[in-house]
2 protein chains.
Amino acid sequence: MYVSSEIRRTMPLLSMSIVMQLTDLTARQIRYYEEHHLIQPHRTAGNRRMFSLNDVDLLLEIKDILEQGVNMAEVKRVFAKKNESATTAAEKEISDSELREIMREERRQANRMQKTSIRQGDLSRFNHRSARDAKR
Amino acid sequence: MYVSSEIRRTMPLLSMSIVMQLTDLTARQIRYYEEHHLIQPHRTAGNRRMFSLNDVDLLLEIKDILEQGVNMAEVKRVFAKKNESATTAAEKEISDSELREIMREERRQANRMQKTSIRQGDLSRFNHRSARDAKR
DNA sequence: AAACTCATGTTAGCTTTCCTTACACAGAAT
DNA sequence: ATTCTGTGTAAGGAAAGCTAACATGAGTTT
């Protein structure tokens, strides 16, 4: 009861070290993703970053996507599209399958357009993810 | 999804400054309550306290009880009894009303025993708490 | 009244954590 | 071959946290 029930996913409660533990990312990586506007952690009066649970989830998604061999530019596009569809459709959440579908579409478009959008390895895992899907 | 669903109430995620904000207690107070074994926050490798959501709830309860004009010794007894009844009866949670009942009983016993247990003001508010009760 | 207890405030000195900035580097893209 | 990208790492400084110690006001005991 009490506080825990009032914890909002957007409340900046978590310090850098905790987020590093939760996400298994380095501080360098987290700051880099912020630099690219993928997250916007709050700042304390003393300029320290404070993260929300939402931020942690975002970081985990970023990590997950990057590990698939997608580059930052693409991650940004995926997130932009995700926000777009979320706001236009007034949806707050998006499922993993939806996310993968969006990325699949992104990939198709990028391939058609100029094939410069996707680098760093192939995306074959996105089309046969039975093993990974089972884990989620 | 992802992390937030895995957040356990016992995970030490929160720093001192955040807990101060959440509870509106001073660092001095929080450390003092720990000194009296009312909470046992984790420690980082660098000796910093890290609090769980459970700790925050406990602190809020402590604060609430102390604000009624009860002293620490009594708070300890209340908590001891609470733990006892929780473990023996295999109950995890205790309602506010139950808590107040326990404290009422405590007070009666203490008065009978040696009347040294309760100091610092009277407990009259416990018997006519209509205004405060309405807030919870 | 004097001495004591309790819960909290405050200060000092020190350690840990976090910040920014800058440079380095390996692998991929051009 | 050169450039771009994502990450590592180091330096110097500042914020936040720690312990220990003394201070204090309200209530209690002697």
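Nothing here was measured: the structure is a model prediction, and the numbers come from that model.
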Side chains of residues 23-30 of chain A: which donor-acceptor pairs under 3.5 Å do they make with residues two or more places apart or in other chains?
from	atom 1	to	atom 2	distance (Å)
A:Thr23	OG1	A:Val19	O	2.7
A:Thr23	OG1	A:Leu25	N	3.2
A:Thr26	OG1	A:Gln29	N	3.1
A:Thr26	OG1	A:Gln29	OE1	3.3
A:Gln29	OE1	A:Thr26	N	2.9

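Counting to the nearest Å, the C1' atom of C:dT30 and the CG atom of A:Asn71 are 14 Å from each other. Rounded to whole Å, the distance from CG on B:Leu66 to C1' on C:dC6 is 11 Å. The interatomic distance linking A:Leu14 (CG) with C:dC18 (P) rounds to 12 Å, in whole Å. What separates CG of B:Leu38 from P of C:dT8 is a distance of 11 Å, to the nearest Å. The CD atom of A:Gln21 sits 13 Å away from the C1' atom of C:dT17 (whole-angstrom rounding). The separation between B:Ile30 atom CD1 and C:dA7 atom P is 16 Å, rounded to whole Å. If you measure from atom NZ of A:Lys76 to atom C1' of D:dT5, you get 11 Å, rounded to the nearest angstrom. In this entry the distance linking CD of A:Glu35 with P of C:dC19 reads 13 Å, nearest Å.
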Expected string for nucleotides 11-18 of chain D under the B/S/- scheme (protein heavy atoms, under 4.0 Å, primed atoms plus P, OP1, OP2 as sugar-phosphate) is ----BBSS
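Between C:dT8 and B:Tyr32, no contact under 4.0 Å exists linking OP1 or OP2 to a side-chain N or O. Between D:dT7 and A:Tyr33, a contact under 4.0 Å exists linking OP1 or OP2 to a side-chain N or O.
For A:Leu59 against A:Ile39, the heavy-atom pair with the smallest separation is CD2-CD1, 3.7 Å. Considering all non-hydrogen atoms of both residues, A:Asn71 and A:Leu66 come closest at C-CD2, 4.0 Å.
In this view, A:Thr10 satisfies the side chain to side chain donor-acceptor pair (under 3.5 Å) rule with no residue, not counting sequence neighbours. In this view, A:Lys76 and A:His36 satisfy the side chain to side chain donor-acceptor pair (under 3.5 Å) rule, not counting sequence neighbours. Annotation: side chain to side chain donor-acceptor pair (under 3.5 Å) contacts of B:His42 (sequence neighbours excluded): none. Scored by the side-chain contact (heavy atoms from CB on, under 4.5 Å) test, B:Arg49 finds B:Met16, B:Arg31, B:Glu34, B:Pro41, B:Arg43, B:Phe51 as partners (sequence neighbours excluded). The side chain to side chain donor-acceptor pair (under 3.5 Å) test applied to A:Ser17 returns A:Ser15, not counting sequence neighbours.
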Using the 3.5 Å cut-off, write out each protein N or O paired with an N or O of nucleotides 9-13 of chain C and the distance between them.
from	atom 1	to	atom 2	distance (Å)
C:dG9	OP2	B:Thr26	OG1	2.7
C:dG9	N7	B:Arg28	NE	3.2
C:dG9	O6	B:Arg28	NE	3.4
C:dG9	O6	B:Arg28	NH2	2.9
C:dT10	O4	B:Arg28	NE	3.4

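The distance from the CG atom of B:Asp55 to the CG atom of B:Leu38 is 11.0 Å, given to the nearest 0.5 Å.
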